[in-house]
Amino acid sequence: MTFKELNLIDPLLKALQDKNYVEPTAIQQKAIPQILAKRDILGSAQTGTGKTAAFALPIIQLLHTDHSQEKGRVAIKSLIVTPTRELAIQIHENLEFYGKYTRLRHAVIFGGVKQGSQVSALNRGVDILVATPGRLLDLINQGYIKLDQVKLFVLDEADRMLDMGFINDIKKLLKLLPTKRQSLFFSATMPANIVELSDKILTNPVRIEVSPVSSAAETLQQKVYFTNKSTKKDLLFHILKDKNMDQVLLFSRTKHGADKITKNLKGAGIQAAAIHGNKAQNHRQKVLSQFKDGSIRVLVATDIAARGIDIDKLQYVLNYDIPEDPETYVHRIGRSGRAGETGIAISLCEPEENPDLRAIENLIRQKIEVADNNPFPQTDKPMTAQEKKEHNKEKQQKKQAFFANRKKSR
Ligand code: AMP
């Protein structure tokens, strides 16, 4: 199938040609005709499937056709809400590219930066607005944004949105949108609370599903190294001796862990940087572009920060820890081997994480290959329930002592 067969207009076909896209991806083939037919969509799809173009292309087309008849001030006709700044910026970049042969105006707003330039862009007039929930509501409250002309509403990465605690923001937002509108709802997973939310937003939607969350990309090779907590660091250095691994996205469960790993890597002369919620927006953008251009070899990310990062041809994903939630594993490894590329996902598993690894294998219905050539094999035994209890108690006490000391020294 070609993009032309999807009945896309020439300005879009030309932009797609500039991008060298040959064939629409599965979600694009399914979603574009339905969106052009003005249907609501309930889409289960994760990043890496071509989801952004699947909604961006038809939105541009519907508004472009409409735009030609419009007179007067430009009002926001499409609102795309997405949970993270990185995603918002990427969606906006995509819109700019796909829409470059149209006269539609786009803007992106997100928190963590001053609002001045965002407000100026809004004042110039915007057809399509990409936003994260907090800043959006903030600027609505300040009177800079009106949603009464919105015809097309997109809620992107709905599951992550709820994970990040945005449910009340979304509810507030829904009250401000016109009831007569077309809505597109995307989520990588579809647990009950997400389905319930989608019911509130969509009218008679077409359900579209591509590569469900339990299916890892077929071109992806997965490997696990069983090791000890105390040997993880050495094992990481051993793995990174492989010079083919020139661009590695490394996942850490916590921000603190991400900083520590980054420090260790830098200490060993490996170019690395961390990306997580405590880092300023401009730092995150800078690090991301350095990673893309190859000047940073290892990008250390937490799950939330990494979600939606779009890096072409990312070959290596490294799980420094095993996520407790097995679906998080699928999201992580989904960052490599995208759009038909080969990819390798490597996981480091310490004894305490063995059950988490088994849960992942159950979810993906696949046994993960155990890496040979492991100089630091797992020798420690997982803690017994009693040991775990004591360990947690000790940890808690240490934490309390730390905060008590800090309070005293202030
Ligand atoms: P997304 O799922 O929107 O994050 O897209 C994943 C990646 O696939 C991005 O790098 C897109 O630029 C790319 N992409 C989207 N559609 C196509 C296509 N039809 N052919 C090739 N690459 C695509």
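In listed order, ligands and their atoms are each counted from 1.
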Q: Verify the distance criterion only: is there a donor paired with an acceptor across the side chains of Gln378 and Asn354 at less than 3.5 Å?
A: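 Yes.
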Q: Quick one: does NZ or CZ of Lys232 land under 6.0 Å from the six-membered ring centre of Phe376, within 45 degrees of the ring axis?
A: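 The answer is no, since Lys232 fails at least one limit relative to Phe376.
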Q: Return yes if a side-chain donor-acceptor contact under 3.5 Å exists between Gln142 and Asp138, otherwise no.
A: yes
Q: Under 3.5 Å, N or O to N or O, is Gln28 touching ligand 1 that way?
A: yes
Q: Which ligand 1 atoms, with their elements, are less than 4.0 angstrom from a heavy-atom of Lys51?
A: 1 (P), 2 (O), 3 (O)
Q: Under 4.0 Å from ligand 1, counting heavy atoms only, is it the side chain of Phe3, its backbone, both or neither?
A: side chain
Q: Sort out for me which residue in Phe186, Phe153, Tyr98 forms a ring pair (Phe, Tyr, Trp, His ring centres under 6.0 Å) with Phe55.
A: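 When Phe186, Phe153, Tyr98 are each tested with Phe55, the ring pair (Phe, Tyr, Trp, His ring centres under 6.0 Å) holds only for Phe186.
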Q: Any N or O on Asn94 sitting closer than 3.5 Å to an N or O of ligand 1?
A: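 Looking only at distances, the answer is no, because the N/O contact criterion of under 3.5 Å is not met.
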Q: Hey, looking at atom 11 (C) of ligand 1, which of Phe55, Tyr98, Phe186, Tyr21 has the closest heavy atom?
A: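 Shortest heavy-atom distance from atom 11 (C) of ligand 1: Tyr21.
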Q: Taking the six-membered ring for Trp, are Phe251 and Tyr320 ring centroids under 6.0 Å apart?
A: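 Ring-ring flag for Phe251/Tyr320: false, centres at least 6.0 Å apart.
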Q: Out of all atoms in ligand 1, which are within 4.0 Å of some heavy atom of Thr52? Include the element for each.
A: 1 (P), 3 (O), 4 (O)
Q: Please could you name the atoms of ligand 1 that Glu23 approaches to less than 4.0 Å, counting only its heavy atoms?
A: 18 (C), 19 (N), 20 (N)
Q: Checking side-chain hydrogen bond (donor to acceptor under 3.5 Å, both in side chains) for the pair Asp127/His64: CA distance, chi angles, key distance, verdict?
A: CA-CA 10 Å; Asp127 295 284; His64 175 76; over 6 Å; no
